[in-house]
Amino acid sequence: MARLVIVSNRVTVGGKKGQAPGGLATALKDVLTPETIWFGWSGKRGETSGRLTRSNADGAEIIAMDLAEKDFTRFYVGFANRTLWPLLHYRPGLLSFDRSDYEGYLTVNNQFADALMSFLRPDDIVWVHDYHFIPLAACLRQRNFTGRIGFYLHIPFVPPALFSVLPPGRALLSALCEYDHVGFQTETDVRHFRACVMEILRYSISKEGVIFGPHRPCISNAIPVGIDTEAFSAMAAEAEHQEEAERLRDSMGGKALILGVDRLDYSKGLPQRFTGYGRLLEKYPEHRQHVGFLQVAPRSRDDVKEYRDVKRQLDQLVGQINGQHADFDWVPLRYITRDMPRSMLAGFHRVARVGLVTPLRDGMNLVAKEFVAAQNPADPGVLVLSRFAGAAAELQDALLINPFDPDEIAEALHAALTMPLAERQARWRRMYEIVHRNSASAWSQACIQAVLGNRHMDVQPSSRYYWQRDQQAGKRR
Ligand code: ADQ
């Protein structure tokens with residue numbers, strides 16, 4: 001029987017908590033069975049790469065590989081997080097590129113392919129996650145693996161003018177076309193990917209979205225990632241009555257809670273968010289003493305300079321805002337850089353009157369969906385959401401804002417804090433239906449079907465419909 005082999009950078013190792021890629025493990029819950037293999041980096045850096053350990057966790061077999069310190073640094077800190085992450089989040093100004101980092105990235109992808117080949121069976125289905133492993137299908141094909149390989153990009157994809165900034169952009173784009181299926185979060189990402197394929201590689205694409213390059217046909221489409229909505233709702237309803245949520249509510253003393261929950265990352269728009277909150281207190285003084293903003297933002301990727309810079313900037317802003325507005329009995333902004341258990345956060349979401357989610361760019365943003373899932377239907381809070389989060393495509397009933405404009409954030413916060421109950425309920429109900437329908441389970445099933453579905457598609461040349469307006473350009477290739 002064909003087995004599903006999932007590949008991601010981080011895996012749960014030996015069932016240890018804290019090492020699991022929480023969101024991904026939850027999203028994959030329905031496809032993790034004892035026959036499923038989940039392969040990734042063990043979290044260990046040593047002298048050499050390649051040592052494999054096997055364990056069972058999250059209902060699947062986990063195979064984890066150690067990486068040599070120097071490989072990890074070039075692959076992960078370097079090319080993945082200092083080149084691909086900023087570029088694919090529309091921040092070429094923050095991008096730094098070094099050929100040795102790219103070589104390290106290719107080295108690790110080849111090491112992953114070698115390790116995979118040691119246990120892959122010909123009919124296994126390989127499902128690769130995220131920007132760390134774009135070349136993996138090409139590496140596996142070079143090693144004569146002929147089974148189905150799918151890829152899912154959790155972060156955004158940029159239009160050709162931006163993508164062409166990337167020195168090895170052509171090679172990576174071509175490598176993406178070696179997958180049988182490439183899944184994205186939104187239609188916008190798919191449109192950008194296809195535009196890059198046509199403009200940079202000059203491959204043709206059928207109206208069904210099948211890419212015809214020199215490799216096997218590749219299908220691309222948008223399958224938005226979701227959450228386990230019912231489980232998160234139930235967790236929030238229970239956590240609301242637990243000690244931490246009660247303490248939070250007591251500490252608010254009847255004031256309205258605005259809540260932000262993010263990894264501390266420059267893509268999450270935290271400085272603009274803090275400034276927007278400060279602007280609310282200046283422009284709408286009626287909210288002073290009646291509102292409190294809690295931001296939970298655990299530090300991440302501390303080994304990348306840009307992350308340390310944003311942390312420093314936030315420390316300053318918190319001091320400024322509290323210095324300007326605080327009173328002897330009121331702290332307007334509380335800021336926590338520690339990680340917190342999901343159940344505790346679920347309870348906090350339920351206590352909050354406003355969920356403030358303002359990334360400058362985000363593949364999806366699961367926090368927005370978790371906020372919706374956590375609300376009490378009788379008295380739901382309001383979601384203020386960046387229009388540049390992938391989630392905005394689905395959550396049109398949030399108050400959508402441009403996260404670069406602190407005044408717009410302030411206006412939306414004011415609207416959220418003064419919104420009548422009937423409107424809050426109507427908006428929440430429509431969003432909940434969508435979050436419930438587009439669940440984690442729907443996402444994983446659709447992705448696997450898409451990886452498999454390609455096998456049966458009509459890909460005869462006669463059925464091709466060229467998207468290029470200029471057929472001659474197509475012929476010149
Ligand atoms: P992330 O950038 O990590 O993920 P996001 O989707 O917001 O972003 O969060 C993932 C998970 O981490 C959520 O389940 C959330 O609850 C949890 N989390 C966030 N902040 C936390 C905190 N302060 N403490 C504890 N847990 C926290 C990437 C992409 C996203 C995409 C996801 C999934 O960048 O755009 O939505 O993958 O595809």
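Being a predicted model, the structure only gives us computed values, none of them experimental. Each residue takes its place number in the sequence, starting with 1. Remember, it's 1-based here, ligands and their atoms both numbered in the order they're listed.
Note on E306 versus R91: no salt bridge recorded, every NZ/NE/NH1/NH2 to OD/OE distance being 4.0 Å or above. Electrostatic pairing of R247 and D250 does not count as a salt bridge here, judged by no charged N lying under 4.0 Å from a carboxylate O. Under a 4.0 Å N-O distance rule, the pair D228/K29 qualifies as a salt bridge. Between D379 and R353 there is a salt bridge, since a side-chain N of the basic residue sits under 4.0 Å from a carboxylate O of the acidic one. Electrostatic pairing of D66 and R45 does not count as a salt bridge here, judged by no charged N lying under 4.0 Å from a carboxylate O. Ion pairing between a basic and an acidic side chain is recognised when a charged N comes within 4.0 Å of a carboxylate O; D262 and R273 show such pairing.
By the criterion of a heavy-atom distance under 4.0 Å, the side chain of K268, and not its backbone, is placed next to ligand 1. By the criterion of a heavy-atom distance under 4.0 Å, neither the backbone nor the side chain of I227 is placed next to ligand 1. Only the side chain of E370 comes within 4.0 Å of ligand 1, counting heavy atoms alone; its backbone N, CA, C and O stay farther away.
Interface of V225 with ligand 1, defined as ligand atoms under 4.0 Å from a residue heavy atom, comprises 33 (C), 38 (O). Of all atoms in ligand 1, listed by their number and element, those nearer than 4.0 Å to a heavy atom of D339 are 24 (N), 25 (C). Near G363, meaning under 4.0 Å from one of its heavy atoms, ligand 1 places the atoms 35 (O). When each atom of ligand 1 is checked for a heavy atom of P298 under 4.0 Å away, the hits are 22 (C), 23 (N), 24 (N). Contact atoms of ligand 1 toward Q185: 31 (C), 38 (O) (distance under 4.0 Å to a heavy atom of the residue). Of all atoms in ligand 1, listed by their number and element, those nearer than 4.0 Å to a heavy atom of L345 are 22 (C), 24 (N), 25 (C), 26 (N). Interface of V367 with ligand 1, defined as ligand atoms under 4.0 Å from a residue heavy atom, comprises 7 (O), 15 (C), 19 (C).
Between W85 and ligand 1, a contact under 3.5 Å exists for no N or O pair. At least one N/O-N/O distance between M364 and ligand 1 falls below 3.5 Å. Where the criterion is an N or O separation shorter than 3.5 Å, residue side chain and backbone included, R342 meets it with respect to ligand 1. Looking at L366 next to ligand 1, an N or O pair under 3.5 Å apart turns up.
Among D262, L24, L264, V357, the residue whose heavy atom lies nearest to atom 20 (N) of ligand 1 is D262. Which of N365, D265, I336, D130 comes nearest to atom 36 (O) of ligand 1 through a heavy atom is settled by distance: it is N365. Nearest-heavy-atom check against atom 21 (C) of ligand 1 across T337, V261, L153, L88 picks out V261.
A donor-acceptor pair under 3.5 Å is absent between the side-chain atoms of N438 and the main chain of G226, judged by distance alone. Proximity of a side-chain donor or acceptor of S233 to a complementary backbone N or O of A373 within less than 3.5 Å is detected.
Centroid-to-centroid, the aromatic rings of F112 and F39 come within less than 6.0 Å.
For R301 and W85, the positive end sits near the middle of the six-membered ring, less than 6.0 Å away and at most 45° from its axis.
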Ignoring hydrogens and angles, write down the donor-acceptor pairs under 3.5 Å from the side chains of residues 314-321, residues two or more places apart or on other chains.
{"unit_1": "D315", "atom_1": "OD1", "unit_2": "K311", "atom_2": "NZ", "d": "3.2"}
{"unit_1": "D315", "atom_1": "OD2", "unit_2": "K311", "atom_2": "NZ", "d": "3.0"}

